[in-house]
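Let me begin by presenting the structure, written as structure tokens, before commenting on it.
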Number of protein chains: 2
Amino acid sequence: MIRRALFYGLLLSILLAGLKLVQYYFFSYRIELEFYIGIIAILFLVIGVWAGSKWINSQSPILESLDSITINANELLSEREMDVLAGIARGQSNQEIADCLFVSLNTVKTHISNIYMKLNVSRRTQALAKARKMNLITEKA
Amino acid sequence: MIRRALFYGLLLSILLAGLKLVQYYFFSYRIELEFYIGIIAILFLVIGVWAGSKWINSQSPILESLDSITINANELLSEREMDVLAGIARGQSNQEIADCLFVSLNTVKTHISNIYMKLNVSRRTQALAKARKMNLITEKA
DNA sequence: ATGTAAATCATACTTTCGGGTGAGCTGCTT
DNA sequence: AAGCAGCTCACCCGAAAGTATGATTTACAT
């Protein structure tokens with residue numbers, strides 16, 4: 001969570017710094033300000049779309065609600081396991097979940113194994129069925 | 001698709017125009033340029049995330065039509081395909097579904113492939129997520 | 001009749017999943 | 001300090017799932 005926020009914050013800072021450099025050394029005296037701002041706006045719009053696409057399947061509660069899947073807090077599964085379960089519920093592959101959570105495929109597998117143990121199942125679809133019965137997963141209205 | 005692109009293009013244009021106005025009439029002489037650009041960058045980043053999320057969630061033509069048109073769910077998937085989909089939703093393996101329906105494993109695979117084609121997905125968990133969104137699958141007491 | 005869609009089954013191949021095991025690191029508790 | 005739970009990652013192997021293609025049969029509509 002925090003690591004991801006820091007990562008993108010850093011990325012944003014770097015981009016801003018880069019833009020400032022570009023501005024001072026190359027463009028400021030040759031391109032009009034409106035055009036320059038337009039480029040920045042479009043650039044960050046694209047970045048935003050990219051980040052949004054990448055995050056839409058991640059575990060943030062806000063984005064989760066956009067995906068109409070809600071993971072309910074529970075004592076049984078740990079936070080990370082809930083994240084993984086949400087990915088499964090969204091239909092993501094293990095690799096996709098790993099990419100979203102910024103961990104390795106093996107880590108996701110381990111979490112999933114633990115989920116299966118805790119839910120007493122042996123397949124992701126079984127885990128989904130059981131999790132829904134237990135109200136761990138609910139559909140957003 | 002095209003309509004959506006036009007919509008967001010228009011939105012972008014309006015926002016750019018608005019920013020230009022703001023720039024000329026309020027901020028240009030009071031706030032430093034770097035700060036101003038940073039605000040724009042963040043603003044469009046947020047817009048991008050929002051738009052990206054929205055876009056991702058309405059990728060499917062089927063889901064789009066659900067917004068305005070009432071679709072008879074039974075039209076899309078055949079009876080047998082619904083049987084198989086139910087098995088998937090129950091968490092059954094392909095072999096278990098085959099046993100339940102008294103058909104071969106290959107037949108189940110074929111049905112599943114057809115389901116994936118019709119739902120435009122490539123994994124059973126994706127099929128579940130999509131089918132739930134389309135209300136092909138609903139929870140019962 | 002001819003075509004279309006559904007259902008059935010098959011073979012061959014690739015990718016993904018899941019099980020088992022081990023291990024290092026962190027943070028909290030006793 | 002020691003123990004424990006959670007998170008991370010790795011490797012191996014077999015099973016399940018998915019892809020691609022082709023084929024037969026039935027039923028229904030043009």
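Letters go in sequence order (proteins before strands), and every chain restarts at 1. What's counted below: heavy atoms across the whole structure, side chains too, no hydrogens, waters or symmetry copies.
Residues of residues 84-101 of chain B having a heavy atom closer than 4.0 Å to DNA chain C: none are found.
Along DNA chain C, the nucleotide closest to B:Arg80 and the one closest to B:Thr125 are compared, and the more 5′ of them pairs with B:Arg80.
When side chains are defined from C-beta on, B:His111 does not count as touching B:Met82, because their heavy atoms never get closer than 4.5 Å. Within the 4.5 Å cutoff, the side chain of B:Gln126 has heavy atoms near those of the B:Ser122 side chain. The closest side-chain heavy-atom distance from A:Met117 to A:Asn114 is below 4.5 Å.
Rounded to whole Å, atom P of D:dT19 lies 12 Å from atom CD1 of B:Ile115. Atom-to-atom, NE2 of A:His111 to C1' of D:dA10 comes out at 14 Å; the value is rounded to the nearest Å. In this structure, B:Leu105 places its CG atom 8 Å from P of D:dA17, rounding to the nearest Å. For the pair A:Lys109 NZ and D:dA10 P, the computed distance is 12 Å after rounding to whole Å. Atom CD of A:Glu81 is separated from atom C1' of D:dC7 by 10 Å (rounded to the nearest Å).
With rounding to the nearest 0.5 angstrom, the CG atom of B:Leu119 is 11.5 Å from the CD1 atom of B:Ile112.
For the OP1/OP2 pair of D:dA10 and a distance below 4.0 Å, the side-chain nitrogens and oxygens of A:Asn106 include at least one atom meeting the criterion. In terms of phosphate contacts, A:Arg123 brings no side-chain nitrogen or oxygen within less than 4.0 Å of OP1 or OP2 of D:dA16.
Contact footprint of chain A on DNA chain C: nucleotides with an atom under 4.0 Å from a non-hydrogen protein atom, first to last in 5' to 3' order, C:dC17 to C:dG19.
In the hydrophobic cluster analysis, where Ile, Leu, Val, Met, Phe, Trp and Tyr join through side-chain heavy atoms closer than 4.5 angstrom, A:Leu105 is grouped apart from A:Phe102.
B:Ser104 comes within 4.0 angstrom of sugar-phosphate atoms only, judged by non-hydrogen atoms across all strands, and of no base. Contact annotation for A:Ser122: backbone-only contact, meaning every heavy-atom pair under 4.0 Å involves sugar-phosphate atoms and none involves a base.
Across all their heavy atoms, B:Glu96 and A:Arg123 have their closest contact at OE1-NH2, 2.9 Å.
Looking only at distances, no side-chain donor or acceptor of A:Arg90 sits under 3.5 Å from a matching main-chain atom of A:Leu85. Under the 3.5 Å distance criterion, the side-chain polar atoms of A:Tyr116 are left unmatched by any main-chain donor or acceptor of A:Ala127.
Inspection of the B:Thr107 and B:Ser104 side chains reveals an N or O donor paired with an N or O acceptor under 3.5 Å.
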